[in-house]
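Quick note on labels: first sequence line is chain A, next is B, and so on, each numbered from 1. Atom set for the values below is all heavy atoms of this structure, side chains included, hydrogens, waters and symmetry mates excluded.
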Number of protein chains: 2
Amino acid sequence: MDDWSIQEIAKLAGTTSRTLRHYDDIGLLAPSRIGGNGYRYYDDRALVRLQRIMLLRDLGLGLPVIAEVLDREASAQHALLGHLEWLRNEQERLARQIASVERTIGALEGGERLMADQMFDGFDHTQYKEEVEQRWGKDAYAKSDAWWRGLSADEKAAWRERATTLGTDWIAAFERGIDPAGDEAQALAQRHFEWLRGIPGTPGGGAGGPTKEYFLGLAEMYVADDRFGANYGGPAGAEFVRDAMTVYAERNL
Amino acid sequence: MDDWSIQEIAKLAGTTSRTLRHYDDIGLLAPSRIGGNGYRYYDDRALVRLQRIMLLRDLGLGLPVIAEVLDREASAQHALLGHLEWLRNEQERLARQIASVERTIGALEGGERLMADQMFDGFDHTQYKEEVEQRWGKDAYAKSDAWWRGLSADEKAAWRERATTLGTDWIAAFERGIDPAGDEAQALAQRHFEWLRGIPGTPGGGAGGPTKEYFLGLAEMYVADDRFGANYGGPAGAEFVRDAMTVYAERNL
DNA sequence: CTAGAGGTTGACGCTGCGTCAAGGTCAAGT
DNA sequence: ACTTGACCTTGACGCAGCGTCAACCTCTAG
């Protein structure tokens, strides 16, 4: 008989018997013959198929796809081209992750600078301490400060990114000239509300979310103070944001 | 109560309630409070922890590692540096895979050239047809040829690589001047035997492996024909290989 | 006759949740 | 009071590809 036992063919192809049993289970590669004792035996045609399987597997293709290719249900080119996209996307993902990890490590080694960051809705955290304390009390500032300082540099970056995204969305909405009381602007106000809610220790943080006073107070401050307003496209944009927020507050808070 | 329901905190952190239950299950993030009805509730401290979890998770860290970092059992720097290695290795792996896939696609598009490849132990497949037929008959050549043509370009490359590796190992052994009858050289002869066995359709392919005649015939041919001998470091190397193979054949075949 | 190598069929484990399934709870509307 | 409907709970399977026991035959050599 010109065939091999399961371990023999496994060695020839550089794999394991367990793998071959698995391939049998899922129908990818059946033994060419099964002995009366239940033993699996493979011939040279099976070896060729197995070698193709190993090759495609090493290229990263999934077993179902390999089965399609080998059974002529799909062309190898097509499958490989699709797979190539996958691989490239994965590589980009990894590149981004590597960059993020490097930046994070750098930040940690840099002593985890906590200051010179933005908070309280885009404020530099320490620079505007007086305004915050004056408006919402020393306690509000202290609690928020403690929370903020507890975050790592990257976490802060994430928060800033959320703030930035929200800001640019506000600006885009303003520039399109939509109605501050319309659905779209109100949806933004809703997001603004949720965002504030995510800052523990402030009058806005907590399950209930910002109080009406805090929400309206912020809205007015965006207009009154250009340092805030800058985050929303300047005085005109800030007015738009304030209007939308005011409508939202009246309707929901 | 300054806390949130499971869905609320999930939205605040940009994840799902299922994930939070999972984190509870594995002990990564327990709810700060559990209602009499079994509901999970999370406070601001839990939110901060959750946000850190999401950040580290986005960097690609595993949940157990994240737990260690957050519980101060391991430093973030250390964990991230280790992770960075992981990521770089993965990226290299992907790069190699991408290159392989591209080469394979190119080969397929190139019409899958089957000739100008090596076989029958390093022979150019078609170039030495006569010798092969003369030594082992037309049938041997035809069967092996059919098998060989059935392989893809990459599969052939894999076979050549195995041949090359074996060849360089032989050469290295020869240059170190070891005993052809010693354990090391005999182990190489064993590998040579296994390798020949993996070529179906030849006098060497099949469960039993090469016959003694085929094995010895090849060994002599390595010495007699420089085209073979070149694969084993020239005439002197070929003699070493022949001696080792002869000993092996006498002992085991 | 027995040991040892090798074969068989289950079945769990791993990573990180997504996705039902079956069934309580709660606020709102009728 | 009753019914929705939204949200909560605890299981438990599924995925990709095998590694790794476990418990139990089978074959070969001494």
Practice task
Please check the phosphate of dC8(D) (OP1 and OP2 only) for any side-chain N or O of Ser5(B) closer than 4.0 Å.
Solution key: yes
Practice task
Give a yes/no answer on whether the side chain of Thr19(B) brings an N or O atom under 4.0 Å of OP1 or OP2 in dG18(C).
Solution key: yes
Fill in the blank from the handout: Walking DNA chain D from its 5' end, the first of His22(A) and Ser17(B) to be reached, judged by nearest nucleotide, is Ser17(B)
Figure out the [atom1]/[atom2] separation between [X] and [N], and round it to whole Å.
| X | N | atom1 | atom2 | value |
| --- | --- | --- | --- | --- |
| Asp3(B) | dC8(D) | CG | C1' | 15 Å |
| Glu8(A) | dA5(C) | CD | C1' | 12 Å |
| Ile6(A) | dT26(D) | CD1 | P | 17 Å |
| Leu56(A) | dG17(D) | CG | P | 13 Å |
| Asp25(A) | dA16(D) | CG | C1' | 14 Å |
| Arg21(B) | dG16(C) | CZ | C1' | 15 Å |
| Asp24(B) | dC17(C) | CG | P | 14 Å |
| Arg18(B) | dG11(D) | CZ | C1' | 10 Å |

Among the candidates [options], find the nucleotide nearest to the side-chain atoms of [X].
| X | options | result |
| --- | --- | --- |
| Tyr23(A) | dC8(D), dC18(D), dG7(C) | dC18(D) |
| Pro64(B) | dG16(C), dG17(D), dG19(D) | dG16(C) |
| Arg40(A) | dG17(D), dT9(C), dG7(C) | dT9(C) |
| Asn37(A) | dG16(C), dT26(D), dC17(C) | dT26(D) |
| Leu63(B) | dG16(C), dG19(D), dC7(D) | dG16(C) |

Is [X] touching bases, backbone alone, or none of the nucleic acid, heavy atoms closer than 4.0 Å?
| X | result |
| --- | --- |
| Ile26(A) | nothing |
| Gly35(A) | nothing |
| Thr16(B) | sugar-phosphate |

Exercise for the section: Check the pair Asp43(B) / Arg49(B) against salt bridge (charged side-chain N to carboxylate O under 4.0 Å, His left out), numbers first and verdict last. Expected result: CA-CA 10 Å; Asp43(B) 60 15; Arg49(B) 185 177 171 98; over 6 Å; no
Under 3.5 Å donor-acceptor, [X] side chain and [Y] backbone:
| X | Y | answer |
| --- | --- | --- |
| Gln186(B) | Ala244(B) | yes |
| Asp24(B) | Leu20(B) | no |
| Gln7(B) | Ser17(B) | no |

Problem - Lys/Arg N to Asp/Glu carboxylate O, Arg88(A) vs Glu85(A), below 4.0 Å - result: no
Exercise for the section: Please work out which of the three classes, parallel, tilted or perpendicular, describes the rings of Phe215(B) and His192(B), given edges at 30° and 60°. Expected result: perpendicular
Handout entry: Given DNA chain C, 5'-ward residue of the pair Gln7(A) and Leu61(B), judged by closest heavy atom
Key = Gln7(A)
Exercise for the section: Between Tyr39(B) and Gly62(B), just flag the one whose closest nucleotide in DNA chain C comes earlier from the 5' side. Expected result: Gly62(B)
